[in-house]
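These numbers come from a predicted model, not from an experiment. FYI, the numbering just counts along the sequence from 1.
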Amino acid sequence: MTSKGFTLIEILAAVIIITVLVIAAVPLYEKTIERSRMAEARSMLMELQDAKLFAMTKMELANFDTTDCLPNLAHLHMAHTTVDASNPGVSFSTKNFDYSLYPSGAAANANGVCAVRNGGDYQGAIFYYYRPFGSSSVEFKCSHATDTTICPNIYGLTNTSGIACTACPAS
């Protein structure tokens, strides 16, 4: 007698194999998604840094610090950003990051820019970007205050302590 169909053992074996594959694939998928978010941050930080350097040149500022705050992000010519109405000229946000013109800390140059991951499993990760005016050298750093394994394991960057994103007082 020939049987048509699958036995219970064959179905269970297939389910187990699929489960193992899913268990192995999901963390890799999540890591890939998070790295793409980091690429978004890096791209926006590069644009923000260039706009900040342009604004500094036009305003004849040698450095940006809390005494040299931009009164409005319009000076950066980045019209596609959404400005926080409660704190204009200081920061803006996207779905995944809060961006600031004012990094601080021992490992950050005040003329750089930074982004803080604002949600998800890796909330609080800070990305810092700095490129001196007229230079091709670039600093791109990652910092996480509570979990030092996030930067190397998820983003492939060394965890750099001493970086923070600060807000410049609104003028």
Output the distance between atom [atom1] ([X]) and atom [atom2] ([Y]), rounded to the nearest 0.5 Å.
| X | Y | atom1 | atom2 | result |
| --- | --- | --- | --- | --- |
| I154 | Y122 | CD1 | OH | 3.5 Å |
| I11 | I16 | CD1 | CD1 | 12.0 Å |
| F6 | L12 | CZ | CG | 13.0 Å |
| C151 | K141 | SG | NZ | 12.0 Å |

Count I, L, V, M, F, W, Y as connected when their side-chain heavy atoms are under 4.5 Å apart, and connections chain through other members. Are L45 and V138 then in the same cluster?
yes
Identify the heavy atoms of [X] and [Y] that sit nearest to each other, and give their distance.
| X | Y | result |
| --- | --- | --- |
| T94 | N118 | O-ND2, 3.3 Å |
| Q49 | Y129 | OE1-O, 3.4 Å |
| A41 | Y99 | CA-OH, 3.5 Å |
| Y155 | R35 | C-NH2, 3.7 Å |

Applying salt bridge (charged side-chain N to carboxylate O under 4.0 Å, His left out) to E40 and R42, what does each step give before you reach the verdict?
CA-CA 6 Å; E40 168 207 329; R42 185 175 184 142; over 6 Å; no
Scan for salt bridge (Lys or Arg N to Asp or Glu O under 4.0 Å) pairs involving residues 101-113, sequence neighbours excluded, and state none if there are none.
none
Which salt bridge (Lys or Arg N to Asp or Glu O under 4.0 Å) pairs, counting each pair once, include a residue from residues 100-123, with sequence neighbours left out?
E34-R117
Within the distance-only criterion (no hydrogens, no angle test), does the side chain of [X] pair as donor or acceptor with the backbone N or O of [Y] below 3.5 angstrom?
| X | Y | value |
| --- | --- | --- |
| S43 | A39 | no |
| S143 | T160 | yes |
| K31 | N153 | yes |
| H144 | Q123 | yes |

For F97, does the six-membered ring have the charged nitrogen or CZ of R37 within the cation-pi criterion, i.e. under 6.0 angstrom from the centroid and within 45° of the normal?
no
Connecting only ILVMFWY residues whose side-chain heavy atoms lie within less than 4.5 Å of each other, what is the rest of I163's hydrophobic cluster?
V116, I126, Y128, Y130
In sequence, state the C-alpha distance, the side-chain angles, and the governing distance for T149 and D147, and then conclude on side-chain hydrogen bond (donor to acceptor under 3.5 Å, both in side chains).
CA-CA 5 Å; T149 63; D147 188 349; 2.5 Å; yes
